[in-house]
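I have placed the structure first, in the form of structure tokens, so that the comments after it can refer back to it.
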Amino acid sequence: MSDVAIVTGGSRGIGLAVVKKLIEDGYVIVATYVHSPGGLDETKAHTIRADVSSQSDVVQTINFARDLGKIKVLVNNAGVAYDDLLLRMKDEEWERVLEVNLTGTFRMTRAVIREMLKDGGAIVNVASVVGLVGSAGQSNYAASKGGIIAFTKSVAKEYARKGLRVNAVAPGFIETNMTVKLDESRRKQYLTLIPMNRYGKPEDVADVISFLASPAASYVTGQIVNVDGGMVM
Ligand code: NAP
């Protein structure tokens, strides 16, 4: 039976790089998206349109993956950002970011853990350095990512004895659609904060996720690994 890895939000950016890396690692991939499969069409991944904030979509994703083999890896990568200063932040901006980033991670994790209880597995959540240090104008996003960090550690503690490992990566500034919309002055400002003096690539994050998902990290759980060129240390 094949080992299956599920990657949420695999259509572009970090998720797509993770899909490509985990294919190289030998997994059968199930990748989700909401708007379009994007770059997934050029990979061997099995794709499914599924919104991580919808419980019925989550169940469909798990059923789809289960039919392909044994689910060994889940990467909770799907995420959105609707930035605003707190006094201007609309309820919908707060709720949607929490619903996709944090509740989506919860729903996918809960569903997958049931599948992994028998033979173990690895879950890697995509948090953000913003969840560690905060960010003006991103209180909703930072709260969702801080929540993912606390969630990661809690689930790691709860299932460590069952052979399940749960870790997170905290990317810094990675060049994707999410960051391309930042204005040039904000991008330059970020660069001054990065000791390695370059923005990250999706592949920089994918390599660390691949390691955390692999047997090479078999004694690592409950950890948050920053992938940020030294921005937060
Ligand atoms: P991106 O280019 O905007 O891609 C986001 C992905 O999430 C897309 O595949 C999108 O699918 C999917 N998605 C959005 N809403 C979804 C939903 N409700 N259900 C399922 N999938 C959904 O973003 P990215 O920069 O690669 O970010 C990936 C992850 O890394 C996010 O969790 C983000 O918060 C985190 N992160 C990014 C950075 C950075 O600097 N870029 C830094 C720290 C953390 P569609 O294409 O179908 O819309």
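In this chain, numbering begins with 1 at the start of the sequence shown. For ligands, and for the atoms within them, numbers begin at 1 and follow the listed sequence. Keep in mind that this is a model prediction, so the values were computed, not measured. The figures that follow rest on heavy atoms only: side chains count, while hydrogens, waters and symmetry mates do not.
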Tell me which protein heavy atom sits closest to atom 46 (O) of ligand 1, plus the residue, atom name and distance to 0.1 Å. Ser11 OG, 2.5 Å
A student checking ligand 1 against Asn177 at a 4.0 Å heavy-atom cut-off should list atoms 2 (O)
Pick one of side chain, backbone, both or neither for how Pro202 approaches ligand 1, counting any non-hydrogen atom pair under 4.0 Å. neither
Near Ile14 (heavy-atom distance under 4.0 Å), the atoms of ligand 1 are 26 (O), 30 (O), 37 (C)
for atom 15 (N) of ligand 1, nearest protein heavy atom and its distance come out as Val80 CG1, 3.5 Å
Student check: side-chain heavy atoms of Lys145 and Asn101 closer than 4.5 Å: yes
Below 4.0 angstrom from a heavy atom of Ser128, which ligand 1 atoms are there? Numbered from 1 as shown, please. 43 (C), 44 (C)
Determine, stepwise, if the pair Asn125 / Val166 fulfils side chain to side chain contact (heavy atoms under 4.5 Å, CB included). CA-CA 8 Å; Asn125 298 322; Val166 190; 4.0 Å; yes
Check each heavy atom of Lys145 against ligand 1 and say whether those closer than 4.0 Å belong to the side chain, the backbone, both or neither. side chain
Do me a favour and list the nearest non-hydrogen protein atom to atom 47 (O) of ligand 1 with residue, atom name and distance? His35 N, 2.6 Å
Can you pull out the closest protein heavy atom to atom 18 (N) of ligand 1? Residue, atom name and distance to 0.1 Å, please. Asp51 OD1, 2.9 Å
By number and element, which atoms of ligand 1 are closer than 4.0 Å to a non-hydrogen atom of Tyr33? 47 (O)
Between Asp204 and Arg198, is there a side-chain N and carboxylate O pair less than 4.0 Å apart? yes
Looking at atom 16 (C) of ligand 1, what's its closest protein heavy atom, distance included? Val34 CG2, 3.7 Å
